[in-house]
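Working notes for the structure below.
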Amino acid sequence: LARIAQQRDVEVAPILTADTAWGYRGRIALVVEGRQLGFHRRGSHALVAVESCAIAAPAIATHLPHARTWVLALRAAVTRVSIAQAVGGVVLVAETRADPGDHDEEATGSLCARVPTIRGAVLAGPTTRRVVGDPTIAVAVEPDCVLDVPADCFTQVNAGANQILVATVLRFVAPGPGRAILDGYCGAGNFTIPLARRGARVVGIERVPLAVEALRRNAARQHLDQIIVHQGDTATHARTFAAG
């Protein structure tokens, strides 16, 4: 706050933490260079190949070898691989330098057939997105509220910390009937859905079409008709919201 925002006299409340320090990440993203998977060494772009990740959820760590096998089987050059925890297993996401082709989709289907705990996979190229199996993950934003989100959409990686975050926002905002709330950069509805569940009218703004579609599906599934979602630039739509 002092360095970037130039705010030096700000009261900072105690940090709220989740229970676990290890094995908590519901998603990891691995850099791919020359078919090697790993992380960049701190402060550099040097790749460090990894065999395990201490902060990844156990299901994700178990599937690291399968992610390597997948990269080797693809013809499209892969720049990044994500492994996201899903119900009954994981979903794999590969970002490719060129658009994936039929061979890549067939190789992905073959891997999913051999490893049933790979519930689905996404091949994301510059202009093409190919999906094999079920690409959705379940995000419990509240203990009694679960969102279905494509694995290649942004979600918080720590499920426990995210529920604390959502509960804190709800406490600060105190949403209810008659309230109008703007949720900028709303994603797939991490805050939008809990706010609307309390009766507030919520306007969400998100530039990623995939996330917008996911939010609309989750809102419809929970019969939250008072949610309005705009796809586009948050600053532009926020000015319209403020003027109205």
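The chain is numbered in sequence order, starting from 1.
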Return the CG to SG distance between L92 and C112, rounded to the nearest 0.5 Å. 7.0 Å
Tell me whether N162 contacts the main-chain N or O of Q156 through its side chain, where contact means a donor paired with an acceptor under 3.5 Å. no
Looking at CG of D183 and CD1 of I228, how far apart are the two atoms once the value is rounded to the nearest 0.5 Å? 13.0 Å
For the residue pair T136 and D148, confirm or rule out a side-chain donor-acceptor distance under 3.5 Å. no
Is it true that atom CG of D19 has more than 12 heavy atoms of other residues, nucleotides or ligands lying nearer than 6.0 Å? no
Just so I know, are the side chains of P126 and D99 near enough to count as touching, which here means a heavy-atom distance under 4.5 Å? yes
Just by distance, do the side chain of R80 and the backbone of A94 share a donor-acceptor pair under 3.5 Å? no
When you measure from the side chain of S110 to the backbone of E106, do you find a donor-acceptor pair of N or O atoms at a distance under 3.5 Å? no
Would you check if the side chain of R119 reaches a backbone N or O of P116 as a donor-acceptor pair within less than 3.5 Å? yes
Going through the distances and angles, do V173 and L195 end up as a side-chain contact (heavy atoms from CB on, under 4.5 Å)? CA-CA 9 Å; V173 175; L195 290 166; 4.1 Å; yes
Could you check whether any side-chain N or O of E142 sits under 3.5 Å from a backbone N or O of P194, counting only pairs where one atom can act as donor and the other as acceptor? no
Is I227 close to I193 at the side-chain level, that is, under 4.5 Å between some pair of heavy atoms? yes
Does this structure show an ion pair linking D225 with R201, if we count only N-O contacts that are shorter than 4.0 Å? no
Let me check something: do V91 and V131 share a hydrophobic cluster, defined by ILVMFWY side-chain heavy atoms less than 4.5 Å apart, either directly or through other members? no
Minimum side-chain heavy-atom gap T108-L123 below 4.5 Å: yes
Out of curiosity, L37 CG to L72 CG, how far, rounded to the nearest 0.5 Å? 8.5 Å
I'd like to know if V71 and V132 are part of one continuous hydrophobic network [Ile/Leu/Val/Met/Phe/Trp/Tyr, side-chain heavy atoms within less than 4.5 Å]. no
If you compare all heavy atoms of S52 against all heavy atoms of L64, which two are closest, and at what distance to 0.1 Å? CA-CD1, 3.7 Å
Taking atom CD1 of I15 and atom CD1 of I164, what is their separation to the nearest 0.5 Å? 12.0 Å
Answer whether the closest heavy-atom distance between the side chains of L170 and P175 falls below 4.5 Å. yes
Is D144 close to R197 at the side-chain level, that is, under 4.5 Å between some pair of heavy atoms? yes
Just how far is it from atom CD1 of I181 to atom OG1 of T192, taken to the nearest 0.5 Å? 9.5 Å
Side-chain (T96) to main-chain (V78) donor-acceptor, under 3.5 angstrom: no
Is the number of heavy atoms from other residues, nucleotides or ligands within 6.0 Å of CZ (R75) greater than 12? no
Heavy-atom closest pair (V87 atom, A138 atom, distance to 0.1 Å) is CG2-CB, 3.9 Å
Verify side-chain contact (heavy atoms from CB on, under 4.5 Å) between N218 and L224, making sure each step is shown before the conclusion. CA-CA 9 Å; N218 283 302; L224 297 172; over 6 Å; no
Could you tell me whether a side-chain N or O of T128 sits under 3.5 Å from a main-chain N or O of G125, the two making a donor and an acceptor? no
Contacts of H40 that satisfy ring-ring contact (aromatic ring centres under 6.0 Å, His included) - sequence neighbours left out: H45
Could you walk me through whether T234 and Y185 pass the side-chain contact (heavy atoms from CB on, under 4.5 Å) test, one step at a time? CA-CA 7 Å; T234 291; Y185 311 99; 3.5 Å; yes
Could you note down all residue pairs passing ring pair (Phe, Tyr, Trp, His ring centres under 6.0 Å) where residues 55-100 supplies at least one of them, sequence neighbours left out? H63-H66
Has the side chain of R27 got a donor or acceptor atom that lies under 3.5 Å from a matching backbone atom of A151? yes
Indicate, with yes or no, if V166 and V202 share a hydrophobic cluster defined by side-chain heavy-atom contacts under 4.5 Å among Ile, Leu, Val, Met, Phe, Trp and Tyr. yes
For the residue pair R179 and A174, what are the closest heavy atoms and their distance? NH1-O, 3.1 Å
A side-chain contact here means heavy atoms from C-beta on lying under 4.5 Å apart; do V149 and V139 qualify? yes
Correct closest heavy-atom pair for D104 and A76 would be OD1-N, 3.2 Å
Note: E105-R129 ion pair, threshold 4.0 Å (strictly below): no
Take F39 and V31 through the side-chain contact (heavy atoms from CB on, under 4.5 Å) test and state the conclusion after the steps. CA-CA 6 Å; F39 300 115; V31 178; over 6 Å; no
Hey, could you give me the OG1/CG distance between T168 and L16, rounded to the nearest 0.5 Å? 5.0 Å
For residues L30 and V122: do they belong to one hydrophobic cluster (side chain heavy atoms under 4.5 Å, members Ile, Leu, Val, Met, Phe, Trp, Tyr)? no
Do L74 and I83 sit in one hydrophobic cluster, given that two such residues count as connected whenever their side-chain heavy atoms are within less than 4.5 Å of each other, even indirectly? yes
Whether over 12 other heavy atoms sit under 6.0 Å from R8 CZ: yes
For residues 206-214, please give each side-chain donor-acceptor pair under 3.5 Å, one per line with the distance, not counting sequence neighbours.
residue, atom, partner, partner atom, Å
E206, OE1, G187, N, 2.8
E206, OE2, V208, N, 3.0

Is a donor on one side and an acceptor on the other found under 3.5 Å between the side chain of Q85 and the backbone of A57? no
Would you name the heavy atoms of L147 and A188 that are closest together and state the gap between them? CD1-O, 3.9 Å
Of all heavy-atom pairs linking Q163 and A140, the shortest is NE2-O, 3.1 Å
